[in-house]
Amino acid sequence: MERQSKLSSIPRVDSFTSHLGLVVMLGGMAMFFITLFVSQSILENRFGVSYMPGGGSTFLFHSSMNTMVLIVASLFLEMGWQKLRKDDSSSAILYQGSTLFASVVFLISQVGLWNRMISAGFLPSTDLMGAFFYAFTGLHGLHIVGAVGTLGWLFWKMHTIEESELLIRWTVNARMFVHFLTVVWLFIFVRLFVMV
Amino acid sequence: MSTNNESFLTKYIFSTDHKVIGKQFIWLGIFFLFFGGYLSLLMRWQLAYPEQAVPWWLSWGIFFKDAGGIIDPDTYNQLFTMHGTIMIFWAVTPILIGGFGNFVIPLQIGAPDMAFPRLNMISFWTWFLSSVVLLASYLLPQGPAAAGWTSYPPLSSPMGGIPGEGQTLWTLALVLMGTGTIMGAINYIITVVRLRAPGMTYFRMPLTVWGLWLTSIMNAVFVPVIAAGLILLLLDRVLGTEFFVAGGLASGPGGDPLLYQHVFWIFGHPEVYILILPVWGIVSDLLAVFARKPAFGYKVTAICMSTICVLSSIVWGHHMYTTGMSPLLGKAFMFLTLLISIPSSIFFLNWLATLWKGNLHFEPPMIYTMGVVWVFAIGGLTGLYNATVTSDIYLHDTMFVVGHFHFTLAATLVLGLFAAIHYWFPKMFGREINRTMANIHFWVTFVSMNFVFFNMMVLGYAGHHRRLYNPMEFDFLKPLLGLNEWITWFAIINGVIQLLFIFNFVWSMFKGKVAVRNPWGASTLEWTLDAPLPHGNFAQTPTVYSRPHEYSHPSLTDTDWVPQSEPIPGTA
Ligand SMILES: [Cu+2]
């Protein structure tokens with residue numbers, strides 16, 4: 001509460017305004033990833049599709065597992081949200097923590113995938129497929145790092161803050177952000193591993 | 001309402017007050033305005049006196065020492081690259097959008113602050129960080145970026161011929177700057193949507209707010225596009241990918257440099273409207289204030305500006321007529337581009353109609369505003385030649401283009417920001433800006449900038465290419481040397497007179513006459529407050545009863561205006 005009062009001369013905005021701000025931000029992020037997807041399609045169209053080592057199937061399993069982890073993270077977050085709405089904050093904390101854990105697992109597994117790719121000699125400079133693979137997974141990964149930060153902060157706030165209105169607002173925002181990144185990942189997964 | 005126990009650090013450095021952040025942006029922008037302006041003078045020197053030593057008063061006795069005072073070709077490339085980059089992204093954008101956007105939007109819509117004050121502060125400091133990264137490139141052994149403000153690959157890719165890491169830092173600085181821009185855009189959009197005072201409907205907002213709001217929407221949509229393109233360029237430079245490298249330069253099948261041009265201009269064309277929309281808004285408002293008349297066709301002007309935003313996102317190909325695009329596509333882009341002249345002409349005629357039979361007061365903000373009307377007309381009309389495929393194939397990449405976009409961007413924006421500074425100065429600093437100095441500054445600036453930019457178009461029409469290190473290497477350009485010299489001297493005059501502006505600015509901040517609450521008799525909400533404005537702005541949220549410029553309303557008797565927060569007597 002101490003920290004809030006420092007900003008007391010500025011009235012705090014309502015939850016809807018806060019969510020609306022996030023929607024604009026996600027719109028911008030969508031434009032960002034759309035530009036990348038369109039660029040990939042244009043270049044693929046011109047130069048043909050190149051293949052990952054082993055036709056991609058070698059890494060398909062690993063990448064499918066990553067996809068599952070991210071979907072599970074989104075599901076945990078959704079379940080935590082339902083619990084929070086029913087005022088069951090202890091279960092909410094548990095699910096929120098699980099989301100955080102799953103996101104971290106995703107990042108670690110993603111680094112593992114890069115390691116395997118690099119040892120197979122598949123580098124950003126190998127070909128367009130490599131270039132887009134590392135660009136997409138890297139930029140998505142950076143956003144996941146942001147999500148992990150947000151979720152960690154939220155996890156900490158859930159223990160320290162009493163005000164349920166703020167908590168719900170932040171949870172809704174975190175929810176939108178994480179789900180958005182899951183959807184972006186599904187597109188990336190399809191584009192990099194399924195459509196080759 | 002005022003803040004309790006704020007330390008110097010939270011009050012002036014890491015402030016969350018939109019007015020303080022606005023001023024921080026303006027200071028940052030003015031620094032870069034001078035920096036970028038200085039670079040242009042060096043460039044002009046080389047064009048008028050090719051490969052002759054820069055005189056001591058221009059090189060300050062410290063630059064270009066090793067080359068005997070001569071600007072070498074690499075340095076020349078760096079000059080025009082950094083001049084364009086700095087003027088667009090670090091001078092005009094911070095002053096008009098960061099500075100006046102921050103200062104004016106909450107005040108004019110009756111809001112206590114931006115919707116997200118902390119995000120606002122982070123936006124400024126991200127911008128500041130990007131400035132540091134950009135300037136740091138001057139410390140590199142091979143100097144800063146040199147591939148032009150558009151930084152087309154392959155010139156901007158590592159195998160493309162620009163040595164050193166300056167280009168990498170340039171790309172990184174732009175990505176950071178873009179991040180800061182998007183943060184600001186989110187704030188402005190949401191502030192306008194959610195924090196308007198009661199009664200402040202969209203069609204009661206001052207046109208300044210309209211301009212800044214539309215600008216922010218465009219920023220939120222299109223800056224991410226260039227961010228994606230720049231990150232791919234960065235990966236080309238750092239990780240050895242080949243998104244934008246083709247042919248012999250590529251190690252394998254490679255990518256496509258033209259893709260970068262598309263991505264750049266999908267952002268780049270909206271960017272020119274991003275920059276100019278705030279000025280259109282400011283001019284529309286100021287003409288009404290100083291003609292003591294309602295802005296003619298207020299609603300139509302707002303709708304025209306919105307229409308232009310939509311059209312501007314589908315015309316980017318007019319920058320690429322000479323890239324070998326299909327003639328059908330070229331025609332389509334030409335048609336769409338020329339369509340923009342319809343809404344532009346409509347609101348331009350609205351400006352003239354606002355002046356028509358007005359009671360004109362030639363206060364300093366007004367003369368700058370009238371200057372904008374002139375230079376924007378020239379800039380807009382000469383744009384038609386660039387939009388038309390047949391004439392553009394001749395004019396492409398000549399000084400004609402440089403003259404054209406300096407009329408629209410440089411002259412219009414700089415006069416627009418001077419108008420804004422002179423107009424809001426009393427509200428920002430509680431003092432009046434000196435009128436005599438402002439008048440001298442305006443006339444010298446106005447005459448010299450017109451001479452410079454108009455004759456650049458003459459050069460271009462004669463076939464003088466842009467980004468040319470030494471025009472004297474071509475026989476057919478030799479007769480143009482005299483004109484180049486004249487342009488340079490007028491540019492120098494233009495540069496020198498800006499010192500008067502900065503003197504006037506600083507002098508008036510401390511020694512100017514103490515300003516009254518509403519020196520211009522303007523009816524928008526910021527003028528109902530006394531300077532210095534407290535953090536939180538309005539003691540009581542105002543209620544708005546009328547449009548922003550109901551000047552000389554027939555039912556007014558003693559004065560010719562009432563603030564928007566008071567009903568016009570006899571109406572209601
Ligand atoms: Cu354009």
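The structure presented is a predicted model; accordingly, all values stated were derived computationally and were not measured. The chains referred to below are lettered A, B, ... by the order of the sequence lines, with proteins before strands, and numbering in each begins at 1. Side-chain atoms are counted along with the backbone in the values below, which use heavy atoms only and exclude waters and symmetry mates.
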In this structure, are over 12 heavy atoms from other groups packed under 6.0 Å from Phe14(B) atom CZ?
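Counting other residues, nucleotides and ligands, CZ of Phe14(B) exceeds 12 neighbours.
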If you count the non-hydrogen atoms of other residues, nucleotides and ligands that lie under 6.0 Å from CZ in Phe37(A), is the total more than 12?
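More than 12 heavy atoms, drawn from other residues, nucleotides or ligands, come within 6.0 Å of this atom.
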Of the backbone (N, CA, C, O) and the side chain (C-beta and beyond), which part of [X] lies under 4.5 Å from a heavy atom of chain B, both, or neither?
X	value
Ile42(A)	side chain
Phe132(A)	both
Leu123(A)	neither

If you measure from OH on Tyr134(A) to OG1 on Thr137(A), what distance do you get to the nearest 0.5 Å?
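Going from OH on Tyr134(A) over to OG1 on Thr137(A), the span is 7.5 Å.
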Using 30° and 60° as the class boundaries, would you call the ring planes of Trp265(B) and His319(B) parallel, tilted or perpendicular?
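Aromatic pair Trp265(B)/His319(B) classed parallel.
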Testing Leu107(A), Ile108(A), Val105(A) for side chain to side chain contact (heavy atoms under 4.5 Å, CB included) with Val69(A), which one passes?
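One option only clears the test, and that one is Val105(A).
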Under a 4.5 Å heavy-atom cut-off, does chain A meet the side chain of [X], its backbone, both or neither?
X	result
Val263(B)	side chain
Leu232(B)	side chain
Leu259(B)	side chain
Ile266(B)	neither
Val223(B)	neither
Ile182(B)	neither
Phe116(B)	side chain

Contact leader toward chain A among Asp236(B), Leu235(B), Ile226(B), Val221(B), where contacts are heavy-atom pairs under 4.5 Å:
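Answer, by heavy-atom pair count under 4.5 Å with chain A: Val221(B).
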Any chance the side chains of Asn66(A) and Ser63(A) put a donor and an acceptor closer than 3.5 Å?
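There is no such pair (donor and acceptor under 3.5 Å, judged by atom type) between the side chains of Asn66(A) and Ser63(A).
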Any side-chain donor paired with an acceptor under 3.5 Å for Ser151(B) and Gln167(B)?
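Side-chain D/A pair, Ser151(B) to Gln167(B): present.
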In the structure I gave you, are the side-chain heavy atoms of Phe133(A) and Trp114(A) within less than 4.5 Å of one another anywhere?
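Side-chain contact under 4.5 Å: yes.
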